S.K.: 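Pasting a structure below so you can have a look.
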Amino acid sequence: MKVLRKIAGVLLLIFAGILTIATLATIPNGISETIKKIKESSIGIAFAFGTLVGIAIFGVLIYFSIKFGLKLIKNKSVEIDSIDDIGA
């Protein structure tokens, strides 16, 4: 079970890394397209809002993927009873 948790955590971190690279690569293109749409028509405001919402959604998804992936990889500490509690 521990091995499956570690594998799932690593896969989740890899997924988050790929999603981070993809998001960072598309942000400049999205901003330039948004500026072009704003100059062309009034629909540009809606396009800008949609672009920002999409970037925010992917940002939140990336954040929680990394957080949960690290949680899966981290070892849980085992509580050991003291010697006094064992004899009682």
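Everything numeric in this text was worked out from a predicted model, so none of it was measured.
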S.K.: In terms of hydrophobic clusters joined by side-chain contacts under 4.5 Å, are Leu61 and Ile14 together?
M.R.: yes
S.K.: Between atom CG of Asn75 and atom CZ of Arg5, what is the distance when rounded to the nearest 0.5 Å?
M.R.: 9.0 Å
S.K.: Might you point out which heavy atoms bring Ala16 and Ile66 nearest each other, and give the distance in Å?
M.R.: CB-CG1, 3.5 Å
S.K.: Sequence neighbours left out, what pairs pass salt bridge (Lys or Arg N to Asp or Glu O under 4.0 Å) with at least one residue falling in residues 30-54?
M.R.: Glu33-Lys36
S.K.: Examine Ile45 and Ile35 and state if one hydrophobic cluster contains both, with Ile, Leu, Val, Met, Phe, Trp and Tyr joined whenever side-chain heavy atoms are less than 4.5 Å apart.
M.R.: no
S.K.: Out of curiosity, Ile55 CD1 to Ile62 CD1, how far, rounded to the nearest 0.5 Å?
M.R.: 10.5 Å
S.K.: Using side-chain contact (heavy atoms from CB on, under 4.5 Å) as the criterion, list what pairs up with Leu11, not counting sequence neighbours.
M.R.: Ile7
S.K.: Closest approach of Ala48 and Ile38, non-hydrogen atoms and distance?
M.R.: CB-CD1, 4.1 Å
S.K.: Which Ile, Leu, Val, Met, Phe, Trp or Tyr residues join Ile57 in one cluster when any pair of side-chain heavy atoms under 4.5 Å counts as a link?
M.R.: Phe49, Val53
S.K.: Kindly determine whether Ile73 and Leu13 satisfy side chain to side chain contact (heavy atoms under 4.5 Å, CB included), including the steps that lead there.
M.R.: CA-CA 10 Å; Ile73 291 176; Leu13 286 176; 3.4 Å; yes
S.K.: Flag yes if more than 12 heavy atoms outside Lys71 fall under 6.0 Å of its NZ atom; otherwise flag no.
M.R.: no
S.K.: Atom OG in Ser41, atom CZ in Phe47: separation rounded to 0.5 Å?
M.R.: 10.5 Å
S.K.: Can you tell me how far the CZ atom of Phe58 sits from the OG1 atom of Thr23, to the nearest 0.5 Å?
M.R.: 6.0 Å
S.K.: To check you understand the geometry: which heavy-atom pair defines the closest contact between Asn29 and Ser32, and what is its length?
M.R.: O-OG, 2.9 Å
